[in-house]
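The figures that follow rest on heavy atoms only: side chains count, while hydrogens, waters and symmetry mates do not. So you know, we letter chains A, B, ... as the sequences are listed, proteins then strands, and number each from 1.
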There are 2 protein chains.
Amino acid sequence: MRTDTTFKRAFNDMIDILRTLDLGEELPSENALRTQLGVSRTTVRKVLAGMSARGIITSEAHKRIMREQPRQIERYPKEETLAISEQVETNFMEWMLRDNACPGTEINEAELARRFGVATTIVREFLNRFQRYGLIEKRQNAGWVFKGFTASFALELFEIREMFEMRSARLFATLPDGSPVWKQVSAMRTAHLELLADIDARFQDFSELDSRFHRLIAAVAPNRFIESFQDVIAIVFHYHYQWNKRDERTRNEVAIREHLALIDALESRNISLIDRTCRSHLTSARETLLRSIV
Amino acid sequence: MRTDTTFKRAFNDMIDILRTLDLGEELPSENALRTQLGVSRTTVRKVLAGMSARGIITSEAHKRIMREQPRQIERYPKEETLAISEQVETNFMEWMLRDNACPGTEINEAELARRFGVATTIVREFLNRFQRYGLIEKRQNAGWVFKGFTASFALELFEIREMFEMRSARLFATLPDGSPVWKQVSAMRTAHLELLADIDARFQDFSELDSRFHRLIAAVAPNRFIESFQDVIAIVFHYHYQWNKRDERTRNEVAIREHLALIDALESRNISLIDRTCRSHLTSARETLLRSIV
DNA sequence: CACATGTTTCTTATGTATAAAAAACGGGGG
DNA sequence: CCCCCGTTTTTTATACATAAGAAACATGTG
């Protein structure tokens, strides 16, 4: 009943590993592969068996040899490497953000399960996890209510975000020169500059950089609740902007420049400058989001 | 497969409703009872059928009459009125806070299900919901890790709590005289004074009052993420202090006095006084919690 | 004896089944 | 036509089943 997405993902990854080997070369041990692929040895063995069956490697006694370069053709398609629970997330976000989904809509576990073609258990599990994002609410012995991806959602989200982010940014002013964080900040600046230099081609890479940037700032003083809130922000932005591409290039370019200003401010250790720069970035991000909600 | 806890709870509640009626009096309509009991009409009818079967009421055509006062004996025991998912919560919190459960302990869905005598589905569902409290973490394709009810958990919790609470408390300074909130604040003071007057007998009632007090403060400017965080606080305090009774009376009395001081401060609209009083209460609550963790 | 591979056992991810509860439907009386 | 009650349909809460994956155990080889 369980899908073999872990196997398929590992299989695809193994192709990349094999491509680094020469013909006739001996493969790493199962345990080494286990670490490289990040799966259990059981799955490693299944992958190796698959490679054997395709004639890509040969398994002699206690020895596996590269026989033939695997071709990209052999890869499993991306969809088959996603666990059902991940597909449900995508399906649901799409339903919510792209289709109808006006505030107050009742969410029906059974119907979603039918629509997505999965078991109710999975939908239920997803909704239970998704609850923490503040977009749905459960009613006892009945279904869920969708509260809407509304302006007030965005405002509440940003109120918290501002509290958290200002708290972390301010802490930078007190960070000693020797802290390893400064190196990461500096690397972050480089990454931003590189993206900016090639913005026309790479503007879509910003989303991931954005998330990494804000996580770096928060990580200056770890707090599990703040980190968990960043998951909320990440998922909201990821999916929302995935279906709202308006002005994407401009939007991202503006944000990059704001990030660079904030990096300068952090390095200056000037607390009032940090405050101003950080708040202005958040205000601008909030306005951008609000404008795109309508 | 599903338990009939909703029915049993409604049945017990119905006994209380029937006790307000005279013998021979006609019962309210099914719809009216539905609202009073907060369940579906299906369940109301099941309850009525049960009452009929016991001879407590008679059902003539389109008319139900009180026949006999129900006795308390007829009540279902409390345990049978709790949904399995609620029992699992209690069981789990008990396992976590009272039994072993040191940081890093691996949590095994299957084993917990066996231990609690329930289906794995339910345990899984519970863990998924419980994840947001920041005490457990999931590892892909494997079990969960208990992060420990540690000092750092308490510190992180209180860092957020302070941010949120100070934010709300400060807003009181700008609240107009006519705001209905002031009535609620004043009622809150009365409730505290009453509890204080009878502290020796009622000190255990504080926990619930505490939660209501902090929710009232937060409600001055509703934010779903803050409200959701208060659930975290509520559950942590509820269960933790349920098994840590040391100094309970003193602890609660101190907190009541701090609440009263905060109420005075709020009413004064003096922002620096509010700040000071609020922070000092939170500091004291934090220290109390830290002391009880050891 | 350290580490690699082969084998067995246990756990998780996901589907299916079903009683309980909710919701929808429908007829009848004031 | 609105509300009440009887009936039917749909959905949720919970149990159980099973393939995939992880972990534990066993055996072999340099």
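Look at A:Thr43 and you'll find a side-chain N or O under 4.0 angstrom from OP1 or OP2 of D:dA22. An OP1 or OP2 oxygen of D:dT14 is reached within less than 4.0 angstrom by a side-chain nitrogen or oxygen of B:Ser85. Between D:dG21 and A:Arg45, no contact under 4.0 Å exists linking OP1 or OP2 to a side-chain N or O. OP1 or OP2 of D:dT11 sits under 4.0 Å from a side-chain N or O of A:Asn108.
Rounding to whole angstrom units, CD1 of residue A:Ile107 and P of D:dT11 are separated by 14 Å. If you measure from atom CD1 of B:Ile84 to atom P of D:dC16, you get 11 Å, rounded to the nearest angstrom. Rounded to an integer number of Å, the gap from B:Glu125 CD to D:dT12 C1' is 10 Å. The distance between atom CZ of B:Arg124 and atom P of D:dT18, rounded to the nearest whole Å, is 18 Å.
With sequence neighbours excluded, the residues forming a side-chain contact (heavy atoms from CB on, under 4.5 Å) with A:Thr42 are A:Ser40, listed by chain and number. With sequence neighbours left out, the side chain to side chain donor-acceptor pair (under 3.5 Å) criterion links B:Asn141 to A:Arg2, A:Thr6. Not counting sequence neighbours, B:Thr35 has no partner by the side-chain contact (heavy atoms from CB on, under 4.5 Å) test. Remark: A:Arg34 engages no residue in a salt bridge (charged side-chain N to carboxylate O under 4.0 Å, His left out) (not counting sequence neighbours). The side-chain contact (heavy atoms from CB on, under 4.5 Å) test applied to A:Ser228 returns A:Arg132, not counting sequence neighbours. With sequence neighbours excluded, no residue forms a side-chain contact (heavy atoms from CB on, under 4.5 Å) with A:Ser207.
Of the candidates C:dA21, D:dA20, C:dT14, C:dT14 carries the atom nearest the A:Ala83 side chain, counting heavy atoms from C-beta on. The side chain of A:Arg114 has D:dT11 as its nearest neighbour among D:dT11, C:dT14, C:dT12. Of all nucleotides listed (C:dT5, C:dA13, D:dG6), C:dT5 comes nearest to the side chain of A:Glu30.
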Just the atom pairs and distances: protein N or O near nucleotides 17-19 of chain C's N or O, under 3.5 Å.
residue: C:dA19; atom: O4'; partner: B:Met1; partner atom: N; Å: 2.7

Polar pairs (N or O, both sides) under 3.5 Å between protein and nucleotides 23-26 of chain D?
residue: D:dA23; atom: N6; partner: A:Thr42; partner atom: OG1; Å: 3.3

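Within the cation-pi definition used here (under 6.0 Å to the ring centroid, within 45° of the axis), B:Arg161 qualifies as a partner of B:Phe237.
Relative orientation of the B:Phe149 and B:Phe153 rings is tilted, given thresholds of 30° and 60° on the angle between their planes.
The salt bridge (Lys or Arg N to Asp or Glu O under 4.0 Å) contacts involving residues 77-92 of chain A comprise A:Lys8-A:Glu80, where partners must be two or more places apart or lie in separate chains. Applying the salt bridge (Lys or Arg N to Asp or Glu O under 4.0 Å) test to pairs two or more places apart or on separate chains, those with a residue in residues 138-148 of chain A are A:Glu106-A:Arg139, A:Glu137-A:Lys147.
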Could you tabulate the donor-acceptor pairs under 3.5 Å formed by side-chain atoms of residues 47-55 of chain B, not counting sequence neighbours?
residue: B:Ser52; atom: OG; partner: B:Ser59; partner atom: OG; Å: 2.9
residue: B:Arg54; atom: NE; partner: B:Gly50; partner atom: O; Å: 3.3

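Sorted by residue number, the members of residues 6-28 of chain A with any non-hydrogen atom under 4.0 Å from DNA chain D read A:Thr6, A:Phe7.
If B:Trp144 and A:Val118 are placed on DNA chain C by their nearest nucleotide, the residue sitting closer to the 5' end is B:Trp144.
Inter-residue side-chain proximity for A:Thr90 and A:Met93 is flagged as unmet; no heavy-atom pair is nearer than 4.5 Å.
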